[in-house]
2 protein chains.
Amino acid sequence: MVQEERNIAADVLKAMAHPIRLGVIEVLADGERTVTELYEELDCSQSMMSQQLKILCQQKLVSIRKDGTQKYCSLSNRDFLKLFDCMHLHLRKFLNFRD
Amino acid sequence: MVQEERNIAADVLKAMAHPIRLGVIEVLADGERTVTELYEELDCSQSMMSQQLKILCQQKLVSIRKDGTQKYCSLSNRDFLKLFDCMHLHLRKFLNFRD
DNA sequence: GATGAATATAAAAATATTATAATACCTATG
DNA sequence: CATAGGTATTATAATATTTTTATATTCATC
């Protein structure tokens with residue numbers, strides 16, 4: 001990677017590096033959700049969710065389609081789900097996390 | 001992942017989400033380096049590198065062995081190198097990045 | 001066109017991150 | 001033991017992120 005790529009890659013990672021945003025990715029791995037479903041499932045405010053979704057969309061991690069008054073969110077790039085496997089192992093193997 | 005795991009996972013991702021720290025991981029993928037080699041190769045100050053290495057070590061992404069007056073850095077967990085493949089594709093496929 | 005449900009935006013305070021500069025801390029060697 | 005090379009720490013200013021609260025927008029329905 002060249003400098004410029006690392007800057008952008010860092011922004012993408014930063015977009016994932018937040019408990020709620022990680023939660024959104026995890027939930028959406030299971031399939032499409034509305035904004036309301038997301039903030040209920042992840043137990044945060046509507047405003048919070050809206051702002052976090054914006055960040056995820058900007059990095060093209062999540063995409064949104066509109067249907068009437070609701071918005072349906074889904075993963076743009078399922079490749080990054082691999083990351084959760086790495087992370088799971090890392091938590092157990094390197095940071096002392098119990099199962 | 002439960003809440004607590006997402007908090008920690010977010011910290012690990014945050015540790016990667018920085019141009020220099022990404023650079024360190026990339027360079028170390030190729031093999032061990034001293035601190036001096038790292039900051040010369042990545043073109044930043046010694047102090048900057050020392051601080052960034054600390055963050056990487058805290059999350060057990062990098063480990064350091066001492067040899068006399070120098071410190072040798074290496075990757076603790078090569079699993080995360082998969083991330084670079086995903087990222088490379090993501091940059092090209094989703095963010096309009098030329099090759 | 002008023003209402004209500006779903007979502008977005010703005011503002012602001014609290015906190016965290018980043019980057020730089022200055023200084024301190026080893027440790028090997030003369 | 002003074003020095004110099006390699007690395008760490010501290011302090012600080014600038015900037016960015018996080019979270020909450022309040023308000024705005026949009027759209028379907030009555």
Side-chain angles (χ1 to χ4, degrees), chain A residues 3-25 27-28 31-74 76, chain B residues 3-4 6-25 27-28 31-76:
Chain A
Q3 181 61 34
E4 173 64 3
E5 284 179 287
R6 286 202 203 103
N7 291 337
I8 306 292
D11 288 338
V12 176
L13 283 172
K14 239 185 279 183
M16 298 195 255
H18 183 287
I20 290 181
R21 297 195 295 264
L22 273 180
V24 169
I25 294 173
V27 169
L28 293 184
E32 220 179 32
R33 294 283 191 287
T34 66
V35 178
T36 299
E37 287 171 334
L38 282 175
Y39 73 74
E40 286 178 348
E41 200 155 341
L42 292 167
D43 195 40
C44 69
S45 74
Q46 176 272 316
S47 171
M48 172 95 296
M49 183 53 69
S50 181
Q51 290 174 89
Q52 303 315 321
L53 284 172
K54 188 175 182 182
I55 292 170
L56 289 167
C57 287
Q58 278 168 348
Q59 300 303 327
K60 302 283 192 287
L61 293 168
V62 165
S63 48
I64 296 190
R65 72 178 175 84
K66 236 173 114 178
D67 183 10
T69 175
Q70 292 178 245
K71 298 203 175 167
Y72 286 86
C73 307
S74 58
S76 304
Chain B
Q3 182 59 36
E4 173 63 3
R6 286 203 203 102
N7 291 338
I8 305 294
D11 288 338
V12 175
L13 284 173
K14 239 184 281 184
M16 298 194 255
H18 184 287
I20 291 181
R21 296 194 297 262
L22 274 180
V24 169
I25 294 173
V27 169
L28 293 185
E32 221 179 31
R33 294 284 191 288
T34 68
V35 178
T36 299
E37 286 170 335
L38 282 174
Y39 75 73
E40 285 178 349
E41 198 155 342
L42 292 168
D43 195 39
C44 70
S45 72
Q46 177 270 317
S47 171
M48 172 95 297
M49 183 53 70
S50 181
Q51 289 175 88
Q52 303 313 323
L53 284 172
K54 189 175 182 182
I55 292 170
L56 289 167
C57 288
Q58 277 166 350
Q59 300 303 328
K60 303 282 192 289
L61 292 167
V62 165
S63 48
I64 296 191
R65 73 178 174 83
K66 236 173 115 177
D67 183 10
T69 174
Q70 293 178 246
K71 297 204 179 168
Y72 287 86
C73 308
S74 58
L75 288 186
S76 303

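Lettering follows sequence order; numbering is per chain, from 1.
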Subject >> Residue-phosphate contact under 4.0 Å: B:Lys66 side-chain N/O, D:dG6 OP1/OP2 >> reply: no
Original post:
Does the C:dA8 base have a donor-acceptor partner in the side chain of A:Ser47 within less than 3.5 Å?
Top reply: no
**OP:** Would you indicate whether the side-chain heavy atoms of A:Ile64 and A:Cys57 approach each other to under 4.5 Å?
**Re:** yes
**OP:** Quickly work out the B:Tyr39 OH to D:dG5 C1' distance and round it to whole Å.
**Re:** 9 Å
Subject >> Inter-end axis angle, the helix from C:dG1-D:dC30 to C:dG30-D:dC1, with every axis fitted to five base pairs (rounded, 10 degrees) >> reply: 10°
Original post:
Any side-chain heavy-atom pair from A:Lys14 and A:Ile55 closer than 4.5 angstrom?
Top reply: no
Original post:
A:Tyr72 OH to C:dT7 C1': how many Å, rounded?
Top reply: 13 Å
**OP:** Indicate whether OP1 or OP2 belonging to D:dT26 is found under 4.0 Å from a side-chain N or O atom of A:Lys71.
**Re:** no
**OP:** Find the distance A:Asp11:CG to D:dA16:C1' and express it as a whole number of Å.
**Re:** 12 Å
Original post:
A:Leu38 has an atom CG; how far is it from atom P of C:dA8, in whole Å?
Top reply: 11 Å
Original post:
Is a donor-acceptor pair below 3.5 Å formed from side chain A:Thr36 to base C:dT7, judging by atom type as modelled?
Top reply: no
**OP:** Kindly compute the distance separating CG (A:Leu22) from CG (B:Asn7), expressed to the nearest 0.5 Å.
**Re:** 9.5 Å
Subject >> Min side-chain heavy-atom separation B:Leu42-B:Arg33 under 4.5 Å >> reply: no
Original post:
Are A:Ser47 and A:Gln51 linked by a side-chain donor-acceptor pair shorter than 3.5 Å?
Top reply: yes
Original post:
If you look at every strand shown and take non-hydrogen atoms under 4.0 Å, does B:Ser50 touch a base, only sugar-phosphate, or nothing?
Top reply: base
**OP:** Check the distance between C:dA16's P and B:Gln58's CD and give it to me in whole angstrom.
**Re:** 14 Å
**OP:** For the residue pair A:Gln59 and A:Asp11, establish whether any side-chain heavy-atom pair is separated by less than 4.5 Å.
**Re:** yes
Subject >> Side chain A:Gln46 and base C:dA8 donor-acceptor under 3.5 Å >> reply: yes
Original post:
Roughly how far, to the nearest 0.5 Å, is the CZ atom of B:Arg21 from the CE atom of B:Met49?
Top reply: 11.0 Å
Subject >> Atom-to-atom span, CG of A:Leu42 to C1' of D:dT19 - whole angstrom >> reply: 16 Å
Subject >> Those residues of residues 14-24 of chain A lying under 4.0 Å from DNA chain C by at least one heavy atom >> reply: none
Subject >> Per B:Gln51 side chain, nearest of listed nucleotides C:dT9, C:dA6, C:dA19 >> reply: C:dA19
Subject >> Which residue lies more 5' along DNA chain D, comparing A:Gly68 with B:Ile64 via nearest heavy atoms >> reply: B:Ile64
**OP:** Taking the side chain as every heavy atom from C-beta outward, state whether A:Thr34 and A:Asp67 have any pair of such atoms under 4.5 Å apart.
**Re:** no
**OP:** Identify the two heavy atoms, one from B:Leu61 and one from B:Val12, that lie closest to each other, and give their separation to 0.1 Å.
**Re:** CD1-O, 4.1 Å
**OP:** For B:Arg33 and D:dG6, give me the distance from atom CZ to atom C1', rounded to whole Å.
**Re:** 18 Å
**OP:** Using heavy atoms to find the nearest nucleotide of DNA chain D for B:Lys54 and A:Gln52 separately, return the residue whose nucleotide is more 5′.
**Re:** B:Lys54
**OP:** Using whole Å, report how far CD1 of A:Ile55 lies from C1' of C:dT9.
**Re:** 13 Å
Subject >> Least distance between heavy atoms, A:Glu37 atom then A:Glu32 atom >> reply: OE1-O, 4.5 Å
Subject >> Whichever of A:Gln70 and A:Met48 has its nearest DNA chain C nucleotide further upstream toward 5' >> reply: A:Gln70
